[in-house]
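Contents: one structure, followed by commentary.
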There are 2 protein chains.
Amino acid sequence: MELPEAKQKFIEAWGKLGSEWGINRTMAQVHALLLISPEAQTTEEIMLTLSISRGNANMTLRELIGWGLVEKQHKAGERKEYFFADKDTWNIARQVAKERRKRELDPVIKVLDELSRVEGDAKDPEFITFTQSVKDINKLAKNVDKTLDTMLKAEENWFWGSIFKIFK
Amino acid sequence: MELPEAKQKFIEAWGKLGSEWGINRTMAQVHALLLISPEAQTTEEIMLTLSISRGNANMTLRELIGWGLVEKQHKAGERKEYFFADKDTWNIARQVAKERRKRELDPVIKVLDELSRVEGDAKDPEFITFTQSVKDINKLAKNVDKTLDTMLKAEENWFWGSIFKIFK
DNA sequence: ATAAACTTTCAGTAATATTTGAAAGTTAAA
DNA sequence: TTTAACTTTCAAATATTACTGAAAGTTTAT
């Protein structure tokens, strides 16, 4: 396979994976493009490469910056803004984990905590099943939360090491 | 908070979380309903409780069965089919992990393996950046894959234990 | 100040995903 | 068999989400 075709495939695959995990396809594609670009890109270049509108490119880039995955770069003597992505995979994984935890896991844990305080008849099967399910899911969510915490603080090798240690 | 309101909130929260992670909201809601139902439910009951159409209920239930999260139950002397969800949270987590790995992670790893075999000029920055990114992501993906493998085989306590061991 | 270069916004449009509901299909009892 | 109970299918409708493009906004150089 040649490089241009490979780039194309990479962008497509990343976009598809993103959309399957609730991340806007275009956003994932812009991220993919920046990941494989040695130089920071202008909005113009991104629009052209991915055939998207100026508005879309602008919104997407700002969102990627919001996720902490992309940064602006200013080149001396130039008005244009350049964008580049952090290429360290472990940073990317941590950044995504961090944001999704904040945006999605935290609110769910909050609701579950509320729901685990529901009052009811301890003899009612409806009540028993409800409280049990909420309790169990709460426990799982908190384990995930704790693991993410570890991951956010950890070095890559150390983290995987702690998971695979058992195989020594 | 009273039980009926709490149930409502639980179903909503589960539906929202699902949709944020690329799982159809209704599917997550049906799952939530079955999770907190002590008795297996008929299609009719699910339709009524969630205000969804017969077609939607039927499709969703079949999909949940496809994900290994819900099973059919036949009651002696009845024509109707009843549906119930496995309530073991650890089983649910593993089942979801298993399916998503098969449907989404495996295909991506396949593409990445292909892309890491791309030929090009080892002096070209475009080529260098591309191969490096692909290589790094591939490594991360394979670590995730390996972790899921461990998780699928593991007992709940053992699994979390191996992750939290470091805190002893 | 004015203009040119560039960025941001957002109402309208398009694309995608989900849902409905009625008809067709299936199964089992009479 | 025939009928009634129940399940499945799928084309059309609806809802949701994403995208466009032109106008408005901003910044910098002259």
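What you are looking at is a predicted structure, and each value in this text was computed from that prediction instead of being measured.
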Under-3.5 Å N/O pairs linking protein and nucleotides 2-6 of chain D:
{"residue": "D:dA5", "atom": "N3", "partner": "B:Arg79", "partner atom": "NH2", "Å": "2.8"}

Practice task
Could you state the atom-to-atom distance from CG of B:Asn24 to P of D:dA15 in whole Å?
Solution key: 16 Å

Problem - SB check A:Lys80 A:Glu44 (cutoff 4.0 Å) - result: no

Handout entry: Contact nearer the 5' end of DNA chain C, comparing A:Arg25 with A:Met59
Key = A:Met59

Problem - Nearest-nucleotide pick for B:Lys72, side chain only, options being D:dT8, C:dT8, C:dT19 - result: D:dT8

Exercise for the section: Figure out the CD1/C1' separation between B:Ile65 and D:dT8, and round it to whole Å. Expected result: 13 Å

Practice task
Write down the distance between NZ (B:Lys16) and C1' (D:dT16), rounded to a whole number of angstrom.
Solution key: 16 Å

Exercise for the section: Choose from C:dT19, D:dT8, C:dT9 the nucleotide whose nearest atom is closest to any side-chain atom of B:Arg62. Expected result: D:dT8

Practice task
Tell me whether the guanidinium CZ or amine NZ of B:Arg62 lies under 6.0 angstrom from the six-membered ring centre of B:Trp67 and within 45° of its axis.
Solution key: no

Problem - Selected nucleotide, minimal atom distance to B:Asn58 side chain, candidates D:dG21, D:dT9, C:dT18 - result: D:dT9

Problem - Exercise: identify the closest heavy-atom pair between A:Glu45 and A:Ala40 - result: OE1-O, 4.1 Å

Practice task
Would you check if the side chain of B:Ser162 reaches a backbone N or O of B:Phe159 as a donor-acceptor pair within less than 3.5 Å?
Solution key: yes

Handout entry: Rounded distance in Å - CZ (A:Arg54) to P (D:dA22)
Key = 11 Å

Exercise for the section: Please report, rounded to the nearest Å, how far the P atom of C:dC6 is from the NZ atom of A:Lys75. Expected result: 13 Å

Practice task
May I ask you to check whether A:Glu155 and A:Trp90 show a side-chain donor-acceptor distance below 3.5 Å?
Solution key: no

Handout entry: Protein-nucleotide distance (A:Glu44, atom CD; C:dC6, atom C1'), rounded to Å
Key = 10 Å

Problem - Length of the OH-P vector between A:Tyr82 and C:dA5, whole Å - result: 15 Å

